Amino acid sequence: MRDISNSFGTLYQPIKAFVIFEKEATDKRIYVESYDFDKKGFPINSHPLSLNESKQLAKALDISDFLKRSFLKPTGLLPKNVLYLNPDQDGFAIWHTPAQKRNLYFVESLKIQNGEFSLPPLLWKASKKRLSVFALNSNSAINEQSPLYHAPFFNLYKNGEVCMGTVSINIQSDCSLEEFITQWENNFFNSYFSHLIMKQSPVKGNLIQLWQKLFKTQKEFPLKCLTKNGFTLKDLLS
């Protein structure tokens, strides 16, 4: 026989066990019994769960502090496109995306073909329940004084906030920063653009005609058609 005890990992000894009893009745009331363990690992001293034990159990199962620490925590180095981060439970993140191509979806009444479109550089601000999107007029370095432009999309208010309609938003309290950004971008681009909320077009000219032309030509987004909204990045930091 060969002694392999040195190969064992850390041993955990049982110290407490709970048994839940359920009443055989329509109200399904429960009764909890607590057990201690002796040095040999056998359950002893069965007794009703005391108030003090209940408090200790509740404290051991409470993960709220862990969730607060985990919200918007990056899984690695801070992503280069993240500009600002407030990791409080009611906090938010600000990030930007370069000019790119994405699939967009429109309701039939707009008469815009669904498909791939060229987009301008965008700046995003999101909390657990709200998303705001703005446009940038270049991919150059961004600072607090960088002017923001109306994002050239439907379903946006004048202040940049997105009307998500019936899209279900489910950002968890332990959501990592990378997952947070991905979820919000997917929620935005996978929803259907349906109507213009602002009283005037967010771009110079007709917004519907702009997207119809971009789908037909597949050219880069014309940054010259963007219009300023009066905000700078600094205005979004609070």
Side-chain angles (χ1 to χ4, degrees), residues 61-105 116-165 167-191 193 202-203 220-223 226-238:
L61 296 176
D62 184 11
I63 62 171
S64 58
D65 288 340
F66 169 77
L67 295 180
K68 289 179 181 179
R69 293 193 299 269
S70 299
F71 183 57
L72 292 184
K73 182 178 180 180
T75 58
L77 294 177
L78 195 67
K80 293 182 179 180
N81 65 324
V82 174
L83 300 170
Y84 187 83
L85 190 60
N86 179 348
D88 294 340
Q89 277 297 89
D90 297 321
F92 60 90
I94 298 176
W95 70 96
H96 69 94
T97 51
Q100 60 180 311
K101 285 192 173 184
R102 292 292 297 252
N103 285 321
L104 301 182
Y105 304 94
E116 189 176 69
F117 294 82
S118 293
L119 306 180
L122 299 174
L123 186 135
W124 311 67
K125 177 181 179 179
S127 61
K128 279 184 182 178
K129 297 182 179 180
R130 294 185 177 181
L131 173 68
S132 298
V133 182
F134 306 89
L136 300 167
N137 68 344
S138 72
N139 284 316
S140 58
I142 304 170
N143 57 55
E144 290 187 359
Q145 303 307 319
S146 295
L148 304 181
Y149 294 74
H150 290 295
F153 301 109
F154 300 90
N155 301 34
L156 266 67
Y157 293 97
K158 189 175 181 179
N159 64 357
E161 188 170 337
V162 180
C163 173
M164 298 302 296
V167 176
S168 177
I169 308 301
N170 187 26
I171 304 295
Q172 300 297 316
S173 296
D174 59 346
C175 187
S176 69
L177 176 60
E178 292 85 351
E179 184 182 4
F180 179 83
I181 291 174
T182 298
Q183 282 192 41
W184 270 121
E185 290 187 14
N186 287 340
N187 285 336
F188 181 73
F189 288 124
N190 291 333
S191 62
F193 294 107
V203 298
E220 292 185 359
F221 188 93
L223 299 178
L226 295 174
T227 59
K228 289 184 178 181
N229 57 18
F231 296 127
T232 64
L233 175 56
K234 186 177 181 179
D235 296 319
L236 306 185
L237 302 184
S238 59

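We're numbering straight along the sequence, starting at 1. Please read these numbers as outputs of a predicted model, since none were measured by experiment.
Here the side chains of S118 and K101 are in contact, with some heavy-atom distance below 4.5 Å. Contact annotation: the side chain of P74 never approaches that of S176 to less than 4.5 Å [non-hydrogen atoms, C-beta and beyond]. Inter-residue side-chain proximity for L156 and E161 is flagged as unmet; no heavy-atom pair is nearer than 4.5 Å. Within the 4.5 Å cutoff, no side-chain heavy atoms of S132 are placed close to those of V162. Within the 4.5 Å cutoff, the side chain of L131 has no heavy atoms near those of the N187 side chain. No side-chain heavy atom of V203 sits less than 4.5 Å from a side-chain heavy atom of Y149. N86 is not listed as a side-chain neighbour of I94, based on a closest heavy-atom distance of 4.5 Å or more. By the 4.5 Å heavy-atom criterion applied to side chains, K228 and H150 are not counted as neighbours.
The CG atom of N155 sits 6.5 Å away from the OG atom of S191 when rounded to the nearest 0.5 Å. Taken from CZ in F71 to CG in D90, the straight-line distance is 8.5 Å, to the nearest 0.5 Å. The line from CD of E179 to OG1 of T182 is 8.0 Å long, rounded to the nearest 0.5 Å.
In terms of modelled atom types and a separation under 3.5 Å, the side chain of N81 and the main chain of H96 share a donor-acceptor contact. A donor-acceptor pair under 3.5 Å is formed between the side chain of T227 and the backbone N or O of P202.
Nearest heavy atom pair, residue P98 against residue N139, reads CA-OD1, 3.4 Å. N143 and Q145 get closest at one heavy-atom pair: OD1-N, 2.8 Å.
Centroid-to-centroid, the aromatic rings of F193 and F188 come within less than 6.0 Å. A distance of 6.0 Å or more separates the ring centres of F221 and F117.
Figure legend: cation-pi geometry between K125 and F134 absent, as NZ or CZ is not positioned both under 6.0 Å from the six-membered ring centre and within 45° of its axis. For the pair K128 and F180, the cation-pi criterion (under 6.0 Å, within 45° of the ring axis) is not fulfilled.
For N170, the side-chain contact (heavy atoms from CB on, under 4.5 Å) criterion is met by Q172, not counting sequence neighbours. With sequence neighbours left out, the side-chain contact (heavy atoms from CB on, under 4.5 Å) criterion links T97 to W95, Q100, L122, W124, E185.
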With a cut-off of 3.5 Å and sequence neighbours excluded, list every side-chain donor-acceptor pair involving residues 229-238.
{"unit_1": "N229", "atom_1": "OD1", "unit_2": "F231", "atom_2": "N", "d": "2.9"}
{"unit_1": "T232", "atom_1": "OG1", "unit_2": "D235", "atom_2": "OD2", "d": "3.4"}
{"unit_1": "D235", "atom_1": "OD2", "unit_2": "T232", "atom_2": "N", "d": "2.9"}

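The side-chain contact (heavy atoms from CB on, under 4.5 Å) with E178 is formed by just one residue from the set L72, V82, T75; it is T75.
Looking only at atom types and distance, the side chain of N190 has no donor-acceptor partner in the side chain of Y105 under 3.5 Å away.
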